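One structure is given below, encoded as structure tokens.
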Amino acid sequence: MSAATTRSRTPDRLCAEAVDLAREAAEEAAAPGVVGEHVSVVAEGDRVVTHLFECKEPGYRGWRWAVTVARASRAKLVTLDETVLLPGPDALQAPEWVPWSERLRPGDMGPGDLLPTEADDLRLEPGYSGEDAPPPNSAVSEEMAERVEAEDAELVSRPGTSRGSIAAVAEELGMRRARVLSRYGLHAAADRWDESFGAKTPMAQAAPASCVSCAFLVPLAGSLRQAFGVCANEFGPADGHVVSLSYGCGGHSEAAVMPKPPRPSAPVLDTLGADALALRPAGDGGSVEAALDDAAEDLGHS
């Protein structure tokens, strides 16, 4: 029998009349003065009835004290079944609990916080385990190991790894990690970066050129090198961020190159130099020769 059919039946008369018994049970379970008016009666089954009372407890707006009573077949004595506090249709309730892994957002981590990763995280996949046989996803292959051994390469190996082995090659290449990014993890990171600093952003739409031709772009390593780099322009909006090669901003290195200051042409007239002028005309410059006595008179002697 469905719950709708059970609750639509007529409540048992004796159980429905046991309001005082239900109130006493509610007041015994609750704090004094928090059990309010009788709200309704709900038939739970044959000779099983639940009495609902208003809850006046601060912080429990819309909640109800539910007291269930019952009686045996052919018995007139009503007995207490259970007493609980249940939310009503308009009850104030806490939001549904969400696991921390789903509540976490970018930027929530602070100094000293630890972010654990699940063992089956889709963003990660097993890296090199240290065994002679590399996993299928590892970039280290048997062919590479044979080539290293043939060329007698100088490898720096830790104790327990023989020179020329798979473990030594992985150690040299920096690939000896428990887990590495999976293809899904790479795609998820690329989608996030492209959404923040990609070709569809307003900054890129108004940019004079893309980052692929900018001198401030520092390319990434690996497969992401073909699509992303790091901006090194301290005055740009994406300084220190991973940007798409199709991103762009007004700080492009070749967008607005400042011209060199113009060099002024040589002046027609030399206005900076000094011209030497004589205090008196030269003696041989006129048509009449100057007398010798004129020199004495100029000195103020008689």
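Everything numeric in this text was worked out from a predicted model, so none of it was measured.
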*asked:* Before you tell me yes or no, could you show the steps for Leu85 and Tyr60 under side-chain contact (heavy atoms from CB on, under 4.5 Å), namely the whole-Å CA-CA distance, both residues' side-chain angles and the distance that decides it to 0.1 Å?
replied: CA-CA 10 Å; Leu85 183 61; Tyr60 285 86; 3.8 Å; yes
*Any side-chain donor near an acceptor of the partner, Ser246 and Ser210, under 3.5 Å*: no
*asked:* Test of understanding: with side-chain hydrogen bond (donor to acceptor under 3.5 Å, both in side chains), list the residues that count as partners of His38, not counting sequence neighbours.
replied: His51
*At what distance, to the nearest 0.5 angstrom, does OG of Ser244 lie from CD of Glu195?*
13.0 Å
*Are Phe228 and Leu181 co-members of a hydrophobic cluster defined by side-chain heavy atoms under 4.5 Å apart?*
yes
*Starting at CG of Asp191, measure out to CH2 of Trp193 and round the result to the nearest 0.5 Å.*
11.0 Å
*Is it true that Val78 and Trp65 fall in one hydrophobic cluster, defined by side-chain heavy atoms closer than 4.5 Å?*
yes
*Side chains of Ser213 and His252: donor-acceptor distance under 3.5 Å anywhere?*
yes
*Is there a path of hydrophobic side-chain contacts, each under 4.5 Å between heavy atoms of I, L, V, M, F, W or Y residues, that connects Leu21 with Leu14?*
yes
*Scan for salt bridge (Lys or Arg N to Asp or Glu O under 4.0 Å) pairs involving residues 60-85, sequence neighbours excluded, and state none if there are none.*
Asp12-Arg71
*Calculate, to the nearest 0.5 Å, the distance between atoms CZ and SG belonging to Phe216 and Cys211 respectively.*
11.5 Å
_ILVMFWY network linking Leu80 to Phe53, side-chain heavy atoms under 4.5 angstrom_ = yes
*asked:* Taking Leu122's backbone N and O only, do any of them form a donor-acceptor pair with Ser182's side chain (distance below 3.5 Å, no angle check)?
replied: yes
*Establish whether Val39 and Val67 are linked, either directly or via other cluster members, by ILVMFWY side-chain heavy-atom contacts under 4.5 Å.*
no
